[in-house]
Every structure is written in C-alpha cells, then in structure tokens.
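Have a look at the structure below before the remarks.
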Amino acid sequence: MRLVRSNIASLEPYSTARDEYKGNLGILLDANENPFGGGLNRYPSTTLRDSLVAKLAEIKGVLPGQLFLGNGSDECIDLCYRVFCRPGKDNAVMISPSYGMYKVCADINDVEARQVKLGKDFSLPVEDLLAASDNNSRLLFICSPNNPTANSFPESQIRTLLDEFPGIVVLDEAYADFSARGSLKKLLEEYPRLIILQTLSKAWGMAGLRLGMALADSAVVRLFNRVRYPYNIGTDTLQLALELLPKSYVESKVSIIVKERERVRAALAEIPTIREVLPSDANFFLIRTDCPRCLYNFLLSRGIIVRDRSNTPLCGPALRLTIGNPGENDKLIKAITEYDSIQSTIH
Ligand SMILES: *Cc1c(COP(=O)(O)O)cnc(C)c1O
C-alpha cells in the first residue's frame with residue numbers, strides 16, 4: 001500500500017512468547033511470568049483474543065481479518081497516524097467541530113491537523129475538505145453521526161470523499177447504532193481506503209472495558225496488528241467482553257435511549273428559555289440558550305452535569321446533553337423548567 005510509512009511497511013514486529021506458542025497447556029517457562037497466581041499471572045492468550053475478534057466479526061458481519069481490536073477507538077485513531085503519517089511531513093484533514101481526539105493524536109504524532117469548518121447547518125463541507133487536501137494528506141476524519149453536532153452525513157457525500165480524497169478516509173461510527181441509517185460498513189466492499197471505527201463504549205454500554213474496533217481492508221488490519229502494543233487488551237477485559245457481549249447490546253437499551261431522546265427533545269422544545277433544540281442521530285443533542293453557562297451552573301446546583309459547548313465553533317451558545325435513564329431525564333426536564341420560571345420572573 002503506497003500510503004503506508006516505509007518504516008512501518010518494513011517493520012519486523014515484536015514476536016511475543018504467546019505468538020510463538022499459542023497453547024495454554026503444558027509447563028509454561030517461556031515468558032518470564034510468575035508461576036504463582038490464578039490466571040492473571042499469565043500474559044493474555046492469543047487464542048482468547050482471536051475468539052473475541054471472531055465473535056465481534058460475526059456480530060458486525062465482516063471477516064475476522066477485517067476487524068482490528070483496540071484499547072478503545074482512541075487506540076485505533078492513534079494507530080491511523082502511526083501507520084500512515086510521516087511526522088513533520090504529512091497532514092490529516094478533519095471536520096470541525098468534531099471529536100477532539102483526531103487533533104490531539106495529530107499533535108502528539110507531529111502531524112499537521114487541517115480543520116475544515118462544517119457548514120452553518122452542520123453540513124459536510126465536501127468541496128472545502130477536498131480543497132484542503134494535497135499530496136501529503138494521508139488521513140481524512142469524518143465522524144457520523146458527528147460529536148458534538150449529533151447529525152449524520154449523507155452516504156452520497158461520503159462516497160464522493162472516498163472517490164476523490166487521495167488518502168485514507170476514517171469514518172467514525174461511534175454513535176451509528178442510535179441513528180436510523182445505521183452503519184455504512186457495506187462501503188468496505190468497494191473502498192479499500194476506508195477505515196470504519198466502532199466502539200463498545202456507547203450503544204454497547206461498556207465504556208469501562210476500553211474496547212474499540214477498526215473495520216477495514218485486511219491489509220490495514222494486519223498493519224495495525226503489527227504496530228499495536230503486543231498485549232494491548234488484558235485477559236480480564238477479553239474474558240469479560242466474551243461473557244457480556246451476547247446480552248449487553250440488549251441490556252444497554254438502545255431503543256429506549258432513542259425514544260427518550262425524542263421525549264426529552266420534545267419537552268425542552270416547549271420551554272421558552274431554550275431557544276433551540278437541535279435534532280439528533282445520537283445519544284446526545286445540543287440546546288441553544290442565551291446564557292449556557294448560567295444554565296450549566298444551575299443544573300450543577302441541582303446535581304446534573306452536562307457539557308458546555310459554548311466555545312466550540314458553530315455550536316455556541318450551546319450545551320450538550322447526554323440522554324440518561326427515564327428518571328434522570330425527568331429530573332433534567334424538571335430542573336430546566338424551574339430555571340425557565342426563574343428566568344421569566346427576573347425578566
Ligand atoms: C465516545 C467516542 C468514541 C469512543 O472512544 P472509545 O475510545 O472507544 O471509548 C469514539 N469516537 C467518538 C466520536 C466518540 O464520541
């Protein structure tokens with residue numbers, strides 16, 4: 001692949017004891033482990049990792065070779081830079097506002113981050129993104145549904161970018177399970193330069209486990225596996241994920257969250273102090289009000305913590321609200337109603 005850094009293409013990866021001998025049986029004197037202990041004294045087994053990869057690939061409808069398992073999607077984002085971008089030379093193009101890690105990882109890897117503003121209506125600036133790209137543009141980050149704007153971008157526009165952007169297109173689908181359209185992973189068949197990021201942190205309700213995925217061409221997955229830390233996922237995490245996966249999606253109640261999202265949006269739309277309630281394809285949405293900080297502090301005084309997005313380009317003056325459980329959402333609506341009545345008494 002022409003886009004891969006040459007030092008990565010020619011990398012001789014570290015070969016672990018568990019790579020060289022994959023079994024668990026026998027007297028293991030190969031890895032300088034401590035022989036005492038109930039299991040966690042051993043390095044994670046490759047077989048266990050492979051089982052989780054196989055399970056997730058089955059769920060996602062891809063081949064195991066097309067799925068990379070990372071320590072959260074954040075690891076996958078960092079690997080995109082380490083595999084494809086020459087520090088000090090290459091650049092990454094990204095939409096703004098969007099998820100902060102794309103730029104942080106660019107900065108850490110000494111790669112220029114070219115941030116391109118969304119349209120005023122949060123539309124995808126296809127022409128501007130292409131105009132910002134040059135021969136050293138190796139990555140294009142698109143988050144859909146986008147954090148923090150909560151909107152999805154049309155498939156046709158993503159296809160245009162895949163056709164015309166000269167590097168790797170990274171489509172972050174952390175919130176796709178909350179959207180009506182769902183994932184665009186079918187595009188992987190057509191576009192070997194597409195990497196789709198998904199995570200167990202949101203719809204699957206397992207943010208504490210730290211597991212994220214890159215769905216991609218098998219050549220990309222092989223590269224990621226050569227560059228990642230040899231044991232990037234611990235034994236307990238692998239075991240817990242295998243145990244919890246069969247029912248965690250159902251128990252994370254995505255459909256209830258989507259229903260609650262529309263209920264809370266409708267309730268807040270009735271409150272005069274809330275000037276605007278933005279639409280959402282995710283498990284959060286933006287609201288606009290004259291003094292977001294005042295509302296933020298008021299909610300804090302009621303024990304409710306939200307995210308102030310006033311300083312985010314195009315968003316402000318806005319707060320970002322995550323959908324909680326029905327009881328929590330009721331308390332949010334009640335608190336904002338109370339804030340509104342205080343406001344109307346003052347003015
Ligand atoms: C929350 C989130 C993620 C998830 O990151 P993990 O490291 O998998 O927890 C990825 N992308 C976006 C846009 C997010 O908001």
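Counting starts at 1 for both ligands and their atoms, following the listed order.
Screening Leu79, Asp78, Ile77 against Glu75 for a side-chain contact (heavy atoms from CB on, under 4.5 Å) leaves a single residue, Leu79.
Comment: Asp163 does not engage Arg159 in a salt bridge, judged by the lack of any side-chain N to carboxylate O separation of less than 4.0 angstrom.
For the pair Arg293 and Tyr296, the cation sits on the ring face: its NZ or CZ lies under 6.0 Å from the ring centre, inside 45° of the axis.
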May I have the list of side-chain donor-acceptor pairs in residues 204-217 shorter than 3.5 Å, sequence neighbours left out?
unit_1: Arg210; atom_1: NH1; unit_2: Ala207; atom_2: O; d: 3.4
unit_1: Asp217; atom_1: OD2; unit_2: Ala219; atom_2: N; d: 3.0

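For ligand 1, the 4.0 Å heavy-atom shell contains residues Gly72, Ser73, Asp74, Tyr99, Tyr102, Cys143, Asn147, Asp172, Ala174, Tyr175, Thr199, Ser201, Lys202, Arg210.
Between the side chain of Arg226 and the main chain of Leu11, a donor-acceptor pair closer than 3.5 Å is present.
Aromatic ring centres of Phe284 and Phe178: separated by at least 6.0 Å.
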